[in-house]
Amino acid sequence: MSEGQASRPAPWDEATAASIVAARGQEPGAMLPILHDLQAAFGYVDAAAVPIIADRLNVSRAEVHGVVSFYHDFRDHPAGRHVLKICRGEACQAVGCRALVDHLDICHGLATGATTADGDLTVEEIFCLGNCALGPSVLYDGELIGRVDAKTLDGLVAEAREPR
Amino acid sequence: MIPRIFIPVDASAVSVGADRVAQAMAHELAMRGIAADIVRTGSRGAFFLEPMVEVATLVGRVAYGPVTPADIASLIDAHFLSGGHHPLRLGPPEGLPFFAHQERLTFSRSGIVDPLSTADYRAHGGWRGLEAALKLSGAEIVEEVTRSGLRGRGGAGFPTGLKWRTVLNAPTQQKYVVCNADEGDSGTFADRMLLEGDPFGLIEGMTIAGLAVGASIGYVYIRSEYGHAFRTFSKAVEIARAEGYLGRAIEGSDHAFDIVPRLGAGAYICGEETSMLESLEGKRGIVRAKPPVPALKGLFGQPTVINNVLSLMAVPTILAEGAEAYADFGMGRSRGTLPFQLAGNIKFGGLVEKAFGLTLGELIHDFGGGTLSGRPIKAVQVGGPLGAYFSADMLDTPMDYEAFAARGGMLGHGGVVVFDDTVDMAEQARFAFEFCAKESCGKCTPCRLGATRGRETIEAIIAGRDVERNLALVADLAEVMADGSLCAMGGLTPDPVVSAIRHFGADFRRPFRTAAE
């Protein structure tokens, strides 16, 4: 699953990537499922995967790169060990998500899109998690959390930065 | 008889601790040696009461909520298993004010049944629509759906029967049914709830659509932000296939239909139907020009029915109960019910299914109980990020496609986001452009460039620079975007902006901002 970090991603490996691509190669419109599988395995889509996919799906490398870069989900480099996605949709805005985004930035030095220097935590924005009656909402390592306040965020940041 | 306890596994309920409650319940029951079945259901949609725990008693279900793990011991002490009294006791859920005045057709099962049990689904009226459809010809099914007056619930409100007839009459072998579950509008969660709480309802609706138009394959495009829903729905598809409700011989008939769940990848634009087709085909989600309409040239170039989750979920009821029974609900040309979603700064947020025609104010006050903050309502956005902002004196607008259009708004997917008087509408207008700039597919220049220029211009207005001239510029830009974009992204982004300026002009003309510079 792209949004979760439940299992630690493996380091990039071309043979594994090729078998992931081959496993899906016959499906009609296999591109997105393949990219999701690659990201689930490695935590990102390595540039070296592009020619493998292009070859298998009989499309140009430019086309594969175009798809990878079009969708917000696909990363071209690994994220931090933990990922915190904070919802910035209107329903969460109505219950104060802007202040929470500012709190992460001001109190923890984590602007949206930033990763801590030690690689422990990446903070990203997301638009709507479908939890609009119980906002503000975040997704922490794939887990949906509702009615989030600054204290919840402090706890998540502390948890993410605990020594391994 | 072993007592049955129902605890939601709906993502929203889990987001406020339903899993922890279920674990604590199982643990405490085991410690005390009490045998009981814990059934994980979807949510009924009273999210302000989640986690809401129910027990089956001799007089029907009794609800308790919101329950925390710390409450479990006292609930058991209070004999909640037989409906005993406790400060958290809510009584029969159907009798709660939030539910008592709803008209639940599409949401008749969510929160009640085990979402992964086909038998439970059948026990609550499931599969009857499909079984009725299996006795009819494709044309007869289309006729029934047409007579029901069902209009697409995704946003556009297009007559479903008309769409199906076009696909039915298309002279090709391979056709597709595509379900749009890319519910990207902030303030909406109805599709998610159904995918998690009543997945067989969607499977049944899609299968009927397949029978109606002669399609043997259906795709469900679920947004990646809904990982939990994707997993539940995928499991339901596997179960349906294993039990003969999908596959080569549906319920032993000679009809074949199967469903492939597909995960989106974080692109709002893929909720636009042609962009979604591109995405399903493995491409960038770039909007296609219409015509040709997808009903004639859709997925992989073949005739394709594209419907929203709510539209397809309404179909089994129509086939089971008859077109007239469905059409009896609603007003004017808006027939049936619409699941409204109360969201944002709202005291009693959740899912309200009602016939069209109640007013926005009734929805927000009578069901929603006003704002969560207790402050006065300032603005309401209906229909997602592309929907217009309504002011507090427009709450008398009836919830009906035409009535909303007459006031420059749209019902869209039924999401209602409430803001209190602390909201700065200039900032909301700025955000509308920012969101469009982030999510535009880039095909149409007015949308691709206009969104960025619009954001810059609103920022200038917020900073107090040339306010009136820049407001005129925004009005001009809004017209170009609305007229010069292929799809609703560029075409409707001006709606929240223009409505914010029209109804909340003072927020754009704040003298102190100039002074502060």
Side-chain angles (χ1 to χ4, degrees), chain A residues 1-4 6 24 27-37 39-40 53 57 59 63-74 85 87-98 124-139 142-148, chain B residues 11-12 14-16 47-48 50 183-189 191-192 224-231 260 262-268 279-286 299-300 341-346 349-351 372-373 381 384-385 415 417-420 423 427-428 431 435 438-439 441:
Chain A
M1 259 352 236
S2 61
E3 87 279 13
R24 291 275 197 178
E27 281 179 36
M31 182 83 81
L32 261 64
I34 286 173
L35 293 173
H36 275 304
D37 286 355
Q39 185 149 303
I53 300 169
L57 299 185
V59 295
E63 205 162 323
V64 179
H65 174 75
V67 173
V68 176
S69 56
F70 181 87
Y71 294 95
H72 298 310
D73 278 4
F74 301 127
K85 297 187 180 187
C87 179
R88 283 191 60 219
E90 285 89 344
C92 283
Q93 291 169 14
V95 283
C97 75
R98 281 192 188 89
E124 294 175 340
E125 64 181 6
I126 194 163
F127 294 100
C128 196
L129 292 160
N131 196 29
C132 315
L134 292 176
S137 303
V138 300
L139 204 59
E143 183 197 343
L144 180 63
I145 308 173
R147 288 284 188 248
V148 168
Chain B
S12 252
V14 171
S15 86
V16 287
F47 289 119
F48 57 98
E50 296 289 4
E183 185 179 51
D185 289 355
S186 175
T188 63
F189 41 79
D191 296 353
R192 181 188 62 67
S224 62
E225 293 83 349
Y226 286 4
H228 187 266
F230 180 79
R231 290 187 288 276
V260 182
R262 275 288 177 85
L263 198 59
Y268 177 77
S279 187
L280 282 170
E281 291 179 9
K283 302 170 190 160
R284 296 190 295 155
I286 305 282
L299 187 62
F300 302 114
Q341 297 126 84
L342 288 175
N345 196 329
I346 187 97
L351 194 289
L372 177 70
S373 61
Q381 188 178 33
V417 179
V418 178
F419 294 80
D420 72 13
V423 69
E427 171 55 26
Q428 295 310 117
F431 175 78
F435 184 70
K438 280 204 170 84
E439 300 297 330
C441 80

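Predicted model, so just to flag it, every value in this text is computed and none were measured. Every chain is numbered from 1, with letters handed out A, B, ... down the list of sequences. Atom set for the values below is all heavy atoms of this structure, side chains included, hydrogens, waters and symmetry mates excluded.
- When each of G384(B), G350(B), G184(B), P385(B) is checked for heavy-atom pairs under 4.5 Å with chain A, P385(B) comes out on top.
- A salt bridge is absent between R88(A) and E124(A): the closest approach of a Lys/Arg side-chain nitrogen to an acidic carboxylate oxygen does not fall below 4.0 angstrom.
- Using a 4.0 Å cut-off between a side-chain N of Lys or Arg and a carboxylate O of Asp or Glu, E225(B) and R192(B) do not qualify as a salt bridge.
- Side-chain contact between C441(B) and F70(A) is present, with at least one heavy-atom pair separated by less than 4.5 Å.
- For I126(A), the part lying under 4.5 angstrom from a heavy atom of chain B is the side chain only.
- Per-residue counts of heavy-atom pairs under 4.5 Å with chain B were compared for E63(A), M31(A), E90(A), E27(A); the largest is that of E90(A).
- By number of non-hydrogen pairs under 4.5 angstrom with chain B, the leading residue of C92(A), G130(A), A30(A) is G130(A).
- Between R98(A) and E427(B) a salt bridge is recorded (basic side-chain N to carboxylate O distance below 4.0 Å).
- For L280(B), the part lying near chain A is the backbone, with the side chain staying farther off; criterion is any non-hydrogen pair under 4.5 Å.
- Considering L144(A), I145(A), V148(A) in turn, L144(A) is the only one that fulfils the side-chain contact (heavy atoms from CB on, under 4.5 Å) rule with S137(A).
- Between chain A and the residues G349(B), S186(B), A265(B), the most heavy-atom pairs under 4.5 angstrom are made by A265(B).
- Contact annotation for V260(B): neither backbone nor side-chain heavy atoms come within less than 4.5 Å of a heavy atom of chain A.
- With a 4.5 angstrom heavy-atom cutoff, P33(A) touches chain B only via side-chain atoms.
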